[in-house]
Protein chains: 2
Amino acid sequence: MHQPTIIDIARQLGLSKSTVSRALTAHPNVNEKTRQRVLELADKLDYQRNQLAISLLTNQTRTVGIMVPEFISFFFPKVIIGAQEELAKAGYNVVICHSNESYATEVTSAKSLFASRVDGLIVSHTKETRNFDHFRTFTRKGIPVVFFNRVWENEEVSKVVVDDYTGAYQAVEHLIQTGRRRIAHLSGPDTLPNSRSRLNGYLDALKHYDVPVDPSLVISYDLTLEKANIYVNHLLNLPEPPDALFAINDPTAIEALKVVKSRGLRVPDDLAIVGFSDDPISALIEPGLTSVAQPVSEIGQEAARLLLAHLTASADQPAAPTTVTLPTRLVVRGSTGS
Amino acid sequence: MHQPTIIDIARQLGLSKSTVSRALTAHPNVNEKTRQRVLELADKLDYQRNQLAISLLTNQTRTVGIMVPEFISFFFPKVIIGAQEELAKAGYNVVICHSNESYATEVTSAKSLFASRVDGLIVSHTKETRNFDHFRTFTRKGIPVVFFNRVWENEEVSKVVVDDYTGAYQAVEHLIQTGRRRIAHLSGPDTLPNSRSRLNGYLDALKHYDVPVDPSLVISYDLTLEKANIYVNHLLNLPEPPDALFAINDPTAIEALKVVKSRGLRVPDDLAIVGFSDDPISALIEPGLTSVAQPVSEIGQEAARLLLAHLTASADQPAAPTTVTLPTRLVVRGSTGS
DNA sequence: CTGTTAGCGCTTTCAA
DNA sequence: TTGAAAGCGCTAACAG
């Protein structure tokens, strides 16, 4: 099972390996006839270049790592595809790692990506991540890291986020303007910046419309569906239950919808519901789920563009860390209206 | 931005790089004190081993490539996660490629994975793939390739499939037993083996129950939702429209459901619908979609196990190509019953 | 246009 | 227990 190398080709053709290398890499300084002979034999031997050797030598792999906490929901796969398209145009390959929301796995993956010398990193971290040392390993060595969705706060790295605050604000505004007063919020862990931004949007909308904030209607939880189920039931069991729910994301909102239905209540009459991200499922269920849409593919594209900017920047002319904020858009469906 | 190497450590400690290498790789023949000194300095310098160099030398990357045609639907991500879990246990990393159903992309990805010397491959090919030479590059060099879902036919490679035939048979049997006689089938391209198996299950079920086969009710298409929409409308416009539809997959079935509803018809009264794969969405929509469930994670785990068997087999004791067939299970919901 | 040489970072004999 | 040397497959000066 010996894999042919340029030395095999060189020997069989009575050439030096440099010439073979040149012929194979479309180097100008090679006799056209020589190149033909090399190409032919390479084809015949089914020669496949060894990228490991090249990367070791050139000190670049032309590979980018993408780290996400999960990729079962539509969001992360779509971001990845968006990023991959941009990266592919520039000749970069992509290695995808999903941590399954586990900090330990994230650290291991980061180490492994570093060991295989990726040229850059695009990251949305786990909900457990509080220590970012495994990413500092990269930045300290000048390997660019771009965050999206869940971003490394107070750090000089490029980031792509959406306007979570305004998205949340508009969602709650919509609920108020359609007559709701007791609006609950199922929020994510406050380690996640986007979770906090959405909470702030919620609070400010209430404030702006003089709707009193009831702390018992604001619950922060760990984003598991089991907990969502428990908390929605808890809210509905309250002596004064909410008349609306703004959920941190669509899976939570859909879980809420199931709970409401299973209790024989109606959406939106008994509880209006708004989600976040506009998962395609939202349009398929009944009633349709009102949701704050994010430009998902664009997030990936933007992250890739920022990374490429850093990748192509020269050492003496480094690209400055940039934060790109993309707009959200409220999509109104049956879960909040008629 | 110089990355420290074992030579840096060796120099600073007045050792040879061999000793440093031994200390770092937990080799037994190193003085414990020496090891401590090395480990300490490595930590201080933030030394990270260069996997490229190791792979080049050892001729193994401990990396496995997984190639899928898409990963927006729940199926492929879940297979990947299942495979990844198994592979991680054995100390293998995973590189994920999605071809976006493009043959050209698949070929490019395969070349790139080969160039970076993955130790093995797990593949579900695109619907366009008819030429498998890019996979033969691997098998010919003794690099194991395991197919799943969409498999390389008539080839001595390991495969993981589900019992598509029986799944389809039971779906159609269920439709017949609940009183349907004009059962349409939206089938996939006949380049895909599983598509043909499902078609055969459909045909045999009709035959077994003496339901005449009407060729105008069997439509093979390219799996795009736009076409699905057109063909469902076409079927409903027939002078004698079908009273049931067996769809090749859940997205198609859900598209059909939307079409039926948009025409003011009812499911299942006017058209009963069955899908394939039991996408989680199927339980969320109304009516719930009857579907043939596959053991998705197990497909990935099984594929990983087969690959590992090949990976750990010695050259003189190679693992034999094996085909694993996993069972399907009909999940009945509102789209075919009350 | 082609060959020679050095070396990317690491592991692994073979000697000491 | 440690060091010296060879070499994985390749590219890139430098000479010729």
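Labels below follow one simple rule: chain letters A, B, ... track the order of the sequence lines, proteins then strands, and each chain is numbered from 1.
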Partner of A/Leu15 under side chain to side chain contact (heavy atoms under 4.5 Å, CB included), picked from A/Thr34, A/Ile6, A/Val30, A/Ile9, is A/Thr34

Under a 4.0 Å threshold between the charged nitrogen and the carboxylate oxygen, would [Y] count as salt-bridged to [X]?
{"X": "B/Glu86", "Y": "B/Lys89", "answer": "yes"}
{"X": "B/Arg35", "Y": "B/Glu32", "answer": "yes"}
{"X": "A/Arg140", "Y": "B/Asp46", "answer": "yes"}

Provide the closest heavy-atom pair for B/Thr126 versus B/Glu101 in the form atom of the first, atom of the second, distance. CA-OE1, 3.5 Å

Pick the closest DNA chain D nucleotide for B/Lys17 and for B/Gly14 by heavy atoms, then say which residue is nearer the 5' end. B/Gly14

For [X], report the nucleic acid contact type (base, sugar-phosphate, nothing); a contact means any heavy atom under 4.0 Å.
{"X": "B/Asn29", "result": "base"}
{"X": "A/Ser18", "result": "base"}
{"X": "B/Thr58", "result": "nothing"}
{"X": "B/Leu15", "result": "sugar-phosphate"}
{"X": "B/Ser55", "result": "nothing"}

Between [X] ([atom1]) and [N] ([atom2]), how many Å, whole number?
{"X": "A/Leu52", "N": "C/dC10", "atom1": "CG", "atom2": "P", "result": "14 Å"}
{"X": "A/Ile7", "N": "D/dG7", "atom1": "CD1", "atom2": "C1'", "result": "10 Å"}
{"X": "A/Ile6", "N": "D/dC8", "atom1": "CD1", "atom2": "C1'", "result": "12 Å"}
{"X": "B/Arg35", "N": "D/dT2", "atom1": "CZ", "atom2": "C1'", "result": "13 Å"}
{"X": "A/Gln3", "N": "D/dG9", "atom1": "CD", "atom2": "C1'", "result": "11 Å"}
{"X": "B/Asn50", "N": "C/dT11", "atom1": "CG", "atom2": "P", "result": "10 Å"}
{"X": "A/Arg11", "N": "C/dG3", "atom1": "CZ", "atom2": "C1'", "result": "16 Å"}
{"X": "A/Leu45", "N": "D/dG9", "atom1": "CG", "atom2": "C1'", "result": "15 Å"}

Counting only distance, no hydrogens or angles, is the base of D/dT1 paired donor-acceptor with the side chain of B/Thr34 under 3.5 Å? no

Please state whether the base of C/dG9 and the side chain of A/Arg117 form at least one donor-acceptor pair under 3.5 Å? no

Ignoring the backbone of B/Leu57, work out which of C/dT11, C/dG9, C/dT2 is nearest its side chain. C/dT11

Please tell me which of the listed nucleotides, C/dC10, C/dG9, D/dT2, lies nearest to the side chain of B/Leu56?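 Output: C/dG9.
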
To the nearest 10 degrees, the angle between the two end axes of the helix from C/dC1-D/dG16 to C/dA16-D/dT1 (five pairs per end) comes to 40°

Enter the distance from A/Leu56:CG to B/Leu56:CG here, rounded to the nearest 0.5 Å.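 Atom-to-atom, A/Leu56:CG and B/Leu56:CG are 6.0 Å apart.
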
For A/Tyr103, does its backbone N or O pair with a side-chain atom of A/Glu128 as donor and acceptor, under 3.5 Å? yes

Evaluate the side-chain proximity of B/Leu39 to B/Leu24: yes if any heavy-atom separation is below 4.5 Å, no if none is. yes

Whichever of A/Ser16 and B/Ser21 has the more 5' nearest nucleotide on DNA chain C, that residue is A/Ser16

Could you say whether B/Ile54 or B/Arg22 is positioned toward the 5' end of DNA chain C, judged by the nucleotide with the nearest heavy atom to each?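 Upstream on the strand: B/Ile54.
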
